[in-house]
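This report concerns only the one structure given below.
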Amino acid sequence: MKILSIDTSCDDTSVAIAEDLKILSHKQWSKVKLHSRWGGVVPNEAKRQHKEFLDPVINEVLKESKLKLEDIDYFAVTQGPGLALALEAGIAKAKELAIKYNKPLIAVNHMIGHIYSILSDDENFTFKFPALALTVSGGHTDLYLMKDHLKFEHIGWTLDDAVGESFDKVGRMLGFGFPAGKDIEEAAKSGDSKKYDFPRPMINSGDYKWSFSGLKTAVLYQIKKLLGEYEHKPEKKVYKLNDQSNNLSSEQIADIAASFQQAAIESVIYKLKKAIEEYQPKIAVIGGGVIANTLFREMLEQIENETGISIHYPKPIWLCTDNAAMIATAAYFYIKENKFVENINELERIPNLEI
Ligand code: KG4
Ligand code: ZN
């Protein structure tokens, strides 16, 4: 079966075509200047871009896979979570195609896409259950116990910021663009990860809950200390997350990036390891942009060795961050379970869709 999938959850216009689990083609277009100075995507601009790009990107994937729209058996689209206006554009296009070609439509949860992204990298990979699934992206830090395909028990989450979001917020203070994960990783290479002792919040909470906003605030206070602005009653002063890069040396930026990265990644790793020990899953799978991080990958290898449980995630960076290939892969399992959109005309985006 041939699946054409669309993801417009944020600022990338992504389309893929899969034959069962094999990705035949994937294309992703985005404009560089879609971000506001304050480190976020401008939703209106994103929507305009998707409307402009969707048709040409669809044509490109069709061309690459040597198919016509008439050859497609199923259309799949991200329903949420994501930016409402951005999601709308992809959903409108998917509805139009499903109705025009009279084919079933699948509304996919973007985070389920991330969880299945390992299969977009390796179509022969097999899930073994129970599995632990971790999502680490710009909006999510969640842990699930999977007893079967598409059966999720939510066992861990963040109380405030997602881990990727904390990279982006710290990145803003250090003068990096948005998203900042990659730049922080780059800066951290020449920094000392032991220079600043940033907290690992919630580490002893005895559950699978995370919190990253305290870590971000600790970085902010450290910067203020370096600038000599820190007063001894910091709670009386509300600091803003402004770009402080002009006031910091490149050595200070590198040390902050390295120490922050170490604290953030260790926080995630610590609880993942605990959950593996408690639940003894057959495998663990991970998806989301933060999986691109090399320190994270190295630490995963360590816990694989320590626990004897294999941990899987897509190796190519484009499959870690947002893409439509993972939406086609997840759709394959929705199809197996007959999870189709019943009334295509009524399908709506759900910006806060949960698993
Ligand atoms: O999965 P994703 O592309 O989008 C969402 O669904 O949110 O994840 C984006 C997040 C951003 O917060 C970005 O800073 C982070 O992934 N990220 C990284 C790296 N590359 C992307 N975080 C740490 N290290 C990286 N190399
Ligand atoms: Zn994503």
Side-chain angles (χ1 to χ4, degrees), residues 5-14 16 26 28 30 34-35 39-41 43 46 77-83 86-87 90 108-118 120 133-142 158 160-174 176-189 191 193 210 212-213 215-216 257-258 260-269 285-300 313-327 329-330 351-355:
S5 59
I6 296 174
D7 183 274
T8 59
S9 56
C10 195
D11 58 339
D12 293 309
T13 311
S14 314
H26 174 263
Q28 180 149 307
S30 54
L34 267 187
H35 307 128
V41 175
V77 67
T78 297
Q79 185 178 26
L83 295 173
L87 291 165
V108 176
N109 180 314
H110 179 85
M111 299 316 295
I112 294 183
H114 276 302
I115 289 172
Y116 277 94
S117 58
I118 169 66
S120 313
L134 174 70
T135 55
V136 279
S137 69
H140 292 79
T141 311
D142 286 289
T158 175
D160 38 58
D161 295 351
V163 59
E165 191 178 355
S166 73
F167 273 84
D168 298 333
K169 286 182 173 168
V170 167
R172 186 194 301 175
M173 297 184 243
L174 299 182
F176 299 128
F178 176 89
K182 195 164 167 255
D183 292 330
I184 290 197
E185 176 171 2
E186 208 44 48
K189 282 183 188 158
S193 63
W210 285 277
F212 291 97
S213 86
L215 172 56
K216 164 198 71 193
F260 159 75
Q261 175 179 255
Q262 191 74 31
I265 298 292
E266 266 181 26
S267 301
V268 178
I269 286 286
V285 293
I286 311 184
V290 182
I291 256 289
N293 187 279
T294 309
L295 175 68
F296 194 15
R297 292 179 175 210
E298 286 167 3
M299 288 195 168
L300 288 173
Y313 54 85
K315 297 293 180 299
I317 305 297
W318 71 271
L319 277 171
C320 302
T321 50
D322 289 346
N323 66 87
M326 68 186 194
I327 301 304
T329 304
N352 298 319
L353 183 64
E354 290 182 6
I355 290 186

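The shown structure was predicted, so the numbers you read here are calculated from the model rather than taken from an experiment. One-based numbering, in listed order, for ligands and for the atoms of each. Throughout, residue positions are numbered sequentially from 1 according to the sequence presented.
Side-chain N or O atoms of Thr8 include one that pairs as donor or acceptor with a backbone N or O of Ala86 at under 3.5 Å. Looking at Asn323, its side chain does come within 3.5 Å of a backbone N or O of Thr321 through a donor-acceptor pair. Between the side chain of Gln261 and the backbone N or O of Ala187, no donor-acceptor pair lies under 3.5 Å. When atom types are taken as modelled, the side chain of His26 and the backbone of Ala324 share a donor-acceptor pair closer than 3.5 angstrom. Of the possible donor and acceptor atoms, one in the side chain of Glu185 sits under 3.5 Å from a partner among the backbone N and O of Thr294. Although no hydrogens or angles enter the test, the distance criterion places no donor-acceptor pair under 3.5 Å between the side chain of Asn109 and the main chain of Pro81.
Interface atoms of ligand 1 facing Ala180, defined by a heavy-atom separation under 4.0 Å, are 14 (O). Listed by number with element, the atoms of ligand 1 under 4.0 angstrom from any heavy atom of Gly139 are 7 (O). Using a 4.0 Å cut-off to heavy atoms of Thr321, the atoms of ligand 1 that qualify are 3 (O). Listed by number with element, the atoms of ligand 1 under 4.0 angstrom from any heavy atom of Gly288 are 1 (O). For ligand 1, the atoms lying closer than 4.0 Å to a non-hydrogen atom of His114 are 1 (O), 6 (O).
Between Ile291 and Leu319 the shortest side-chain heavy-atom distance does not fall below 4.5 Å. Within the 4.5 Å cutoff, no side-chain heavy atoms of Thr158 are placed close to those of Val163. No side-chain heavy atom of Asp183 sits less than 4.5 Å from a side-chain heavy atom of Leu174.
Residue-to-ligand polar distances keep Phe167 apart from ligand 1: every N/O pair is separated by 3.5 Å or more. For a threshold of 3.5 Å applied to N or O pairs, the pair formed by Pro179 and ligand 1 contains no separation below that value. Where the criterion is an N or O separation shorter than 3.5 Å, residue side chain and backbone included, Glu185 meets it with respect to ligand 1.
A donor atom on one side chain and an acceptor atom on the other are not found under 3.5 Å apart for Ser213 and Asp161.
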Audit row: Lys169, Glu165, salt bridge (charged side-chain N to carboxylate O under 4.0 Å, His left out) steps and yes/no: CA-CA 6 Å; Lys169 286 182 173 168; Glu165 191 178 355; 3.3 Å; yes

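Atom 4 (O) of ligand 1 has Asp322 OD1, 3.1 Å as its closest protein atom, hydrogens excluded (heavy atom only). The shortest contact between atom 24 (N) of ligand 1 and any protein heavy atom is with Asn293 ND2, 3.0 Å. Of all protein heavy atoms, the one closest to atom 10 (C) of ligand 1 is Gly138 N, 3.5 Å. From the protein, the heavy atom lying nearest to atom 22 (N) of ligand 1 is Gly181 CA, 3.5 Å.
Closest N/O/S atom of Asp322 to the Zn ion (ligand 2): OD1. Of all N, O or S atoms in His110, the one lying closest to the Zn ion (ligand 2) is NE2.
Which of Gly289, Ala264, Cys10 comes nearest to atom 20 (N) of ligand 1 through a heavy atom is settled by distance: it is Gly289.
The Zn ion (ligand 2) does not have His140 among its coordinating residues (no N/O/S atom, backbone or side chain, under 2.8 Å).
With a heavy-atom cut-off of 4.0 Å, Gln261 does not touch ligand 1 at all. Using a 4.0 Å cut-off between heavy atoms, His110 contacts ligand 1 through its side chain alone, with no backbone atom that close. With a heavy-atom cut-off of 4.0 Å, Asp168 touches ligand 1 through its side chain alone.
Taking 4.0 Å as the cut-off, Met111 does not count as a neighbour of ligand 1 on heavy-atom distance.
When Phe178, Phe260, Phe176, Phe296 are each tested for a ring pair (Phe, Tyr, Trp, His ring centres under 6.0 Å) with Phe167, only one passes: Phe260.
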